[in-house]
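Values below: all heavy atoms of this structure, side chains included; hydrogens, waters and symmetry mates excluded.
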Amino acid sequence: MTRITTGAMSRTTLLSIIIGFTKLESALGQCFQDPDTNAEWAQIINNDTTSTEFSIEGSCCQETVCGLGCAEETPPPAKGFGIAVMVAIAFFVVVGFASVFVIKGKSENFFVAGRSLPLWVITATLASQSIDSNALLGCSTLSYKYHFWDGACLPVGLGCSLILNSIFLARHINRDGALTLPDVFAKRYGKLVEVMVSICTITSFLCLLAGNLVGMGAILSYLLSISPEGAIWMSAALVFAYTVAGGLYSVAYTDVLQAAVGWLGCMTLAFYSIANEENKAPPPSIGFPSYMYPDDATCEMYDGVPCENDATACCYNTEKWCPSDDNCVVDNGAYPFGDQRIFHDQMTNAHSLTPFPNAVVFNWATIFVLAFGNLAALDFQARCMASKTAKIATIGCAIAGCLTFVVGIPFAYLGSITRVYYGPDSARASFETDSCNIGLGLPTCALWLPDQDAFIKYLTNEVPSFLGGWCLIGIVAASMSTCDGAILAMGTVFSHNIMRNLGSFFPCIRKDLVNEKNLLSMARLIAVPFTVASALIASFYRSSHSLGATGYLLIVAFDIVLASVVVPLFGCFYAKKPSPLAAFCAIITGILVRVILEFTLPKDGYLLMPFDGTEFLDYGAAASTAFPAFFDVPIDQRWDPSVEGEQCEQPRYNDWTGVDSLAAPIAALIVFVFVQWLERNGPLRSFAEDGIMVGYLKEGQVESIEKGADSTNRTAKFASDENECCVNKAESAVEVKALDDTN
């Protein structure tokens, strides 16, 4: 509950879904963009028909104009939170540095941990890559701003991706003997496709790393009282240092440690809050003097009394709840019927959240993008390559997917709990004065402005300090686990799959510019500019987007590879004779369709399709000085939006985001299948055997026998310059022979 000052100009607000708030610097009331509207309010407030300005000194627009109390400041976090988080970070960094003694200068140890990781490590490190600040902080923040499924779609999509990887790809990736995901493409499609895939996946991971740096930086900035930019750069430097030192060994074993600490803390906090919070979601509003209750049930709940201007209606009981100005139990009237933890038809009914819009199409698109786009995640597949066996990779993905559901989804339930403390009915609520909404019946103050740090404030102020601190450490640990994996993956792919191939595209460049002797050093060096680039994106990206920085960058990251990489990735293992031309055409098609639709489809930034109903109308500018319809005032003083000059001009939402994300991979799939069909009797065009459009083997890779091949006794080839590779007899029916040196 909150205390507000009520008076002749009282107003209320209801929950909205638009964000963004600009604090007023001046003591003069410039609460409306339209000067005429501002002057009209000045004349009412000053009771002077010649006034054009009014003072808000010592107050704020929402109090002066709407009668809603100014948003109360949240106390700063105790210093112990910052100390605890920094100690945990330091511990993780030390463990990461310790693993430098394990890699012994070998690139295979650095990139894929010697292909030796057992099931428990694989499970922990895969789940750690999935359960990051996007899945936790992003999930809780989105479910707080909007509703349950708007946040839950993140861990649901990520968890589904791991399960799909377990079913379709993990065993094949492990058996391939590749060092990186683009190696898999190089073997089937050649160097050109390898480089194209490398560029797409690196671009994707720049966004993924940036999103996690934003999440980690938000926590450190709030706890340590430093700038968000400073917190982001500090985070990037710490994670970068131990990642380039120990490679995948440091990433894997710090992931295990971070998982043990982080998951347990996050789950403990989530289930504690769900079990112990009295209000799992905001209850029906108690209101304020002159507030009219919407039904008999709410009237009885708060012992309402007959209204003065309409005896048939039930109003707020001032005598019981507000006997004096310093003894009032009131709120903002934001939830006439109360809120719910979850609307079970939110994913099937566009109007389930009425009177508020529902981004049902975008939520389904998000799940699809994350579930399939994440199959081309460099860090996921690097862990499958590092698994001791194909079976371990398969089982590890399945278990990690289930863990993502168990740890991530409960955070969506915390959104409604956070709204109890920091929602539109709380003392900390902020509103846009210059806003109206017909569906909500509000001529002014219709727009709620969610607090971007609400969930972090909930952890530091509303739950036991130990649990709040433990959860914060868990979220930071989750961010670190994804950041280190992204840094390692980008450095590895650029040095191994792009720089090693530069000589094939540019004859003036030596083909041995990067070799086995300098590969590890080059990967460490290349990781520097990528880390800096992601930190720059995170530092300068100020999201006015409805999803916020973490959630938006996560979806963008896997949208990129879904459009370009996923279709030919499935072709690697499920096409009889994967065609380099089909892969090339599919990648180009996916990228072109995605880019064209990005700039041709209607997009207003709100992620809401133009469904019918008033809930799918955007907010308009302040429409009237009259009272909302649920005020107990004479009827001629209530707002009537049908009256000339009192209309609220609201354009309909019109954002087709999500359609482009679904259309691009479908177009790529059609092109891939069509070209494969055209080449069913042979290639449409022959390429030089040593050219850039012919598959070739990388170090450690095995020439696998495709299902349905004519030969019954083929010899597997090995490309390793240092060690003889072997194929598990249980997984191959052919005799494996080492290459003769004379060949």
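Looking at every heavy atom in both residues, Val593 comes nearest to Ala667 through CG2-CB, 3.8 Å. The minimum heavy-atom distance linking Ala400 with Ala127 is given by the pair CB-N, 3.6 Å. Of all heavy-atom pairs spanning Phe672 and Pro568, the tightest one is CE1-CA, 4.2 Å. The two residues Ala664 and Gly590 come nearest to each other via the heavy atoms CB-O, 3.6 Å. Here the closest non-hydrogen pair linking Val561 and Gly373 is CG2-O, 3.3 Å. Across all their heavy atoms, Thr366 and Cys153 have their closest contact at CG2-SG, 3.7 Å.
Counting non-hydrogen atoms of other residues, nucleotides and ligands closer than 6.0 Å to CZ of Arg680 gives a total above 12.
Remark: side-chain polar atoms of Gln676 are paired, donor with acceptor, to backbone N or O of Ser579 under 3.5 angstrom. At distances below 3.5 Å, not a single donor-acceptor pair connects side-chain atoms of Thr482 with backbone N or O atoms of Ser479. Judged purely by atom type and a 3.5 angstrom limit, Thr125 has no side-chain atom pairing as donor or acceptor with the backbone of Val121. Without hydrogens or angle criteria, Tyr189 side chain to Cys572 main chain gives a donor-acceptor distance under 3.5 Å. Formation of a donor-acceptor pair under 3.5 Å by the Ser198 side chain with backbone atoms of Glu194 is found in this model. Counting only distance, with no hydrogens or angles, the side chain of Asn501 and the backbone of Asn497 share a donor-acceptor pair below 3.5 Å. No donor-acceptor pair under 3.5 Å is formed between the side chain of Asn174 and the backbone N or O of Arg171.
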Quiz item: Can you list the steps and then say if Val184 with Ile173 is a side chain to side chain contact (heavy atoms under 4.5 Å, CB included)?
Solution: CA-CA 8 Å; Val184 175; Ile173 294 288; 4.1 Å; yes
Quiz item: Could you walk me through whether Val406 and Trp263 pass the side chain to side chain contact (heavy atoms under 4.5 Å, CB included) check?
Solution: CA-CA 10 Å; Val406 172; Trp263 299 351; over 6 Å; no
Self-check item: side chain to side chain contact (heavy atoms under 4.5 Å, CB included) evaluation trace for Leu169 with Gln381
Solution: CA-CA 9 Å; Leu169 298 175; Gln381 303 302 3; 4.1 Å; yes
Self-check item: Pair Val476-Met480, side chain to side chain contact (heavy atoms under 4.5 Å, CB included): steps then yes or no
Solution: CA-CA 6 Å; Val476 169; Met480 294 179 71; 4.2 Å; yes
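Using a 4.5 Å heavy-atom cutoff, the side chains of Met216 and Asn212 are not in contact. Side-chain contact between Met499 and Phe494: present, with at least one pair of heavy atoms (C-beta onward) separated by less than 4.5 Å. By the 4.5 Å heavy-atom criterion applied to side chains, Leu209 and Met490 are counted as neighbours. A 4.5 Å side-chain heavy-atom check between Ser161 and Phe380 finds at least one atom pair inside the cut-off. Residues Phe411 and Pro155 fail the side-chain proximity criterion, which asks for heavy atoms closer than 4.5 Å. Counting heavy atoms from C-beta outward, Thr589 and Phe584 have side chains that stay 4.5 Å or more apart. Side-chain atoms of Leu162 and Leu158, non-hydrogen and from C-beta on, never get closer than 4.5 Å to each other. Put simply, the side chain of Met196 reaches to within 4.5 Å of the side chain of Ile588, judged on heavy atoms.
If you take CG on Leu597 and CG on Leu662, they are separated by 10.5 Å, rounding to the nearest 0.5 Å. Atom CZ of residue Arg594 and atom OG of residue Ser661 lie 4.0 Å apart, to the nearest 0.5 angstrom. To the nearest 0.5 angstrom, Leu192 atom CG is 10.5 Å from Leu581 atom CG. Rounding to the nearest 0.5 Å gives a distance of 6.0 Å between CG of Leu154 and CD1 of Ile555. Rounding to the nearest 0.5 Å places CG of Leu136 at 5.5 Å from CD1 of Ile475. The structure places CD1 of Ile131 at 4.5 Å from OG1 of Thr404, a figure rounded to the nearest 0.5 Å.
A cation-pi contact, defined as under 6.0 Å to the ring centre and within 45° of the axis, is absent between Lys191 and Phe505.
Using cut-offs of 30° and 60° for the angle between ring planes, the Phe573 and His172 rings count as parallel. The aromatic rings of Phe674 and Trp677 lie parallel to each other, with less than 30° between the two planes, well short of the 60° mark.
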